[in-house]
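Let me begin by presenting the structure, written as structure tokens, before commenting on it.
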Amino acid sequence: MKTGMTTILGVAVFSTAFAVTAAEPIPAFILGQNLEHTRSAVQGGLSAQLVRNRKFAGKSDRRGVALMWETYGSHALYDHSNICCTRHAAKSGMPRQNERHSQIIGGLVEGGEAGICQHGIGIRGGVAHTFKAVVRAFNSDAVPMVLRISSGDNRTLVEREFSVKPKSSTEWTRIALEFTLDKDTSVTISIGVKGRHYGVVGVVSLMPADNFRGMRADVVEHLREIGTSVIRWPGGNFAGEYRWRDGLIADPDERAPIQSYTEIETQPHSLGYDSNDIGMEDVIALCEKIGAVPFFTINAAWETPQDSADWVKACRGRVKLWSLGNEMGYSHMEGPKGPDGYAQMVRPHAEAMLQADPKLTIFSSGPYPWGKDEWIEKAAKGLADVAPVISYHRYDMTGIFDFSTPERTAQLYARTSACVDKSLETLKRFRAKLPREIGISYDEWNIWYAWYHEEGIVEGLYAAKMLNALMRNWEECGLRCVCYFQPVNEQAIHVTPFESHLTSLGEAMRLWKGHIGGIPATIPDLPPDAFVTDAKDGSRYLTFYNFSTTEPRTFRIPCDGHERVVVSETLVPNGFESGCRYARENGKGKVNGGFYELILAPASQASARLQR
């Protein structure tokens, strides 16, 4: 069985050769991105939700209070209960636990108030917000309650008192408080019970009104700004945890959290639970908004072939790229560890999915490039009739980020530069082991542990050199998709409660996206740290980088008749160590005697667009 789809973003999947030709434009898929619910990429990143552990997942503390919450008021009783208003759409055999809970609040003082609260919630000034809670009475008594927003010095900024009437023992009430603060403010949110009463809180939410389907509008715009062409979701490792049918529950407040059971390295920075707020329809809508293609990964270890086919049908033809699991064969993923067992497990999934939609392009998984050659023979080649593309991951080991002296800083930059050379060499060796009809999806690349230190300049230069290598060699290497892992809060887009910005790595992506759709210019002796393409509109686009921290770099590139500078830009670092950023400045290059000439300062990048 062959897939009917022969292109990914306009590039043929079933190529007969991978020779470099000047006639092929740079494909958009080189700027694909991962969106995985790990660390702070979604919660505290893309998600507009401001409340931590808003659905009370996990075990409570010794007082019965849900983790990430604090208490206030005297003589109060708190009991973390399994009475809950969230649900999963279907039962699962996965051994997950403590996903469905709520918080009971009991006040024991007449005329008093007791409740739960969170401090340090960032509210942007001038932006409307909605604070809401899903609550119910615990017994037959009406329960007086309050929602409150307070300042850091405990001044009430806005509040709403209300009474929850027990209509039935299982009925929940949604209470909302809308407000706008004049300036950026760090606040405390609280939900309390007044007097001697018991109430139950099932879900709490606080979001700005300018969110896009629960996602921060500024982060969504940054994803567009860096040229995101593909979004690979829900992982990555998290694909082995995700239950896609939960995404069919329209109201995120009703979706139960998901325990990240096996992900030691990539657990969400939220007690290892994802709040399950961003689902299938949200990701598809995000792709439509920013002009990207969705690329979904199935959970083959825990779902049936019919489940996978049903997911394809539920997408209604809007998702054409699918992966048969993630990093199968590694110990951190559930399922078979060998190529025979893997191929036997996923083939029925692929066949059922293609039966549902013959126009899919399906990717096989595996421990590439480090797996033994038997994975190529039994999995990659063995599944090629249903999965003509294989997933390939590599993280570069740069060593400790030591900026203690200028010499050690320069050594780090040199090691990082050499990592890209090694990556390309490894990719080409891997390519040589594969039949020409099998394409490669390089759908995870980054510096290892890039997510465990502050943003810096070396990461931006790494991205520039990597994108340069991919754009120069994508056809020879048989690449059919490329996804960076991952942009939000992991070195491309930095997100804080009050703002977000592109890091040096994100700035590099923004600069290099200008090559998409352009044809590589034929320039003899083109420097390896420059790249030039000719666009359909007749313009010429040039990019440059200087990996040195000590010496400027001089470039002299033939214009070939493109002697009018339309726009130029230089990214100038404010230092070389972690925590430093690029500043955007007008470009310093100029046309002189038929050449574009540029002197680029250490650790800088630049671009220019020339017109005839």
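Numbering starts at 1 and runs along the sequence shown. In this text the structure is predicted, and so the values were computed from the model without any measurement.
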Do [X] and [Y] come within less than 4.5 Å of each other through their side chains, counting heavy atoms only?
X	Y	answer
F131	I149	yes
Q103	I191	no
D274	Y242	no
K165	T173	no
E351	V386	yes
V42	L35	yes
D277	K55	yes

Could you check W445 against Y395 for ring-ring contact (aromatic ring centres under 6.0 Å, His included), going step by step and ending with a plain yes or no?
-> CA-CA 6 Å; W445 65 271; Y395 290 89; 9.5 Å; no

Can you tell me how far the [atom1] atom of [X] sits from the [atom2] atom of [Y], to the nearest 0.5 Å?
X	Y	atom1	atom2	result
L46	L223	CG	CG	6.5 Å
I116	S190	CD1	OG	9.0 Å
Q118	I189	CD	CD1	4.5 Å
C84	R136	SG	CZ	10.0 Å
Q43	T38	CD	OG1	11.0 Å
K194	E113	NZ	CD	4.0 Å

In terms of side-chain geometry, is the basic nitrogen of [X] or [Y] positioned less than 4.0 Å from the acidic oxygen of its partner?
X	Y	value
R96	E241	yes
E507	R581	no
E281	R318	yes
R255	D246	no

Under the 3.5 angstrom rule, does the side chain of E459 hit a backbone N or O of Q491 as a donor-acceptor pair?
->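 Looks like no, no N/O pair under 3.5 Å.
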
Compute whether any side-chain donor of one residue and acceptor of the other, for S205 and Q49, lie under 3.5 angstrom apart.
->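 Yes, because at least one side-chain N or O of S205 sits under 3.5 Å from a partner of the opposite role on Q49.
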
Between D443 and N34: side-chain donor-acceptor atoms closer than 3.5 Å | no

Least distance between heavy atoms, [X] atom then [Y] atom:
X	Y	result
E334	W302	OE1-NE1, 2.7 Å
Y484	A492	CE2-CB, 4.2 Å
S308	I298	OG-CD1, 3.7 Å
V193	Y198	CG1-N, 4.5 Å

Paired with W322, the ring pair (Phe, Tyr, Trp, His ring centres under 6.0 Å) test is passed by just one of F363, W311, W244, namely W311

Testing F485, F296, F295, F238 for ring pair (Phe, Tyr, Trp, His ring centres under 6.0 Å) with W233, which one passes?
->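 Of all the options given, the one that passes is F296.
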
Using side chain to side chain contact (heavy atoms under 4.5 Å, CB included) as the criterion, point out the one residue from H129, M207, R124 that pairs with L50.
->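 Checked H129, M207, R124 against L50; only one passes side chain to side chain contact (heavy atoms under 4.5 Å, CB included): H129.
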
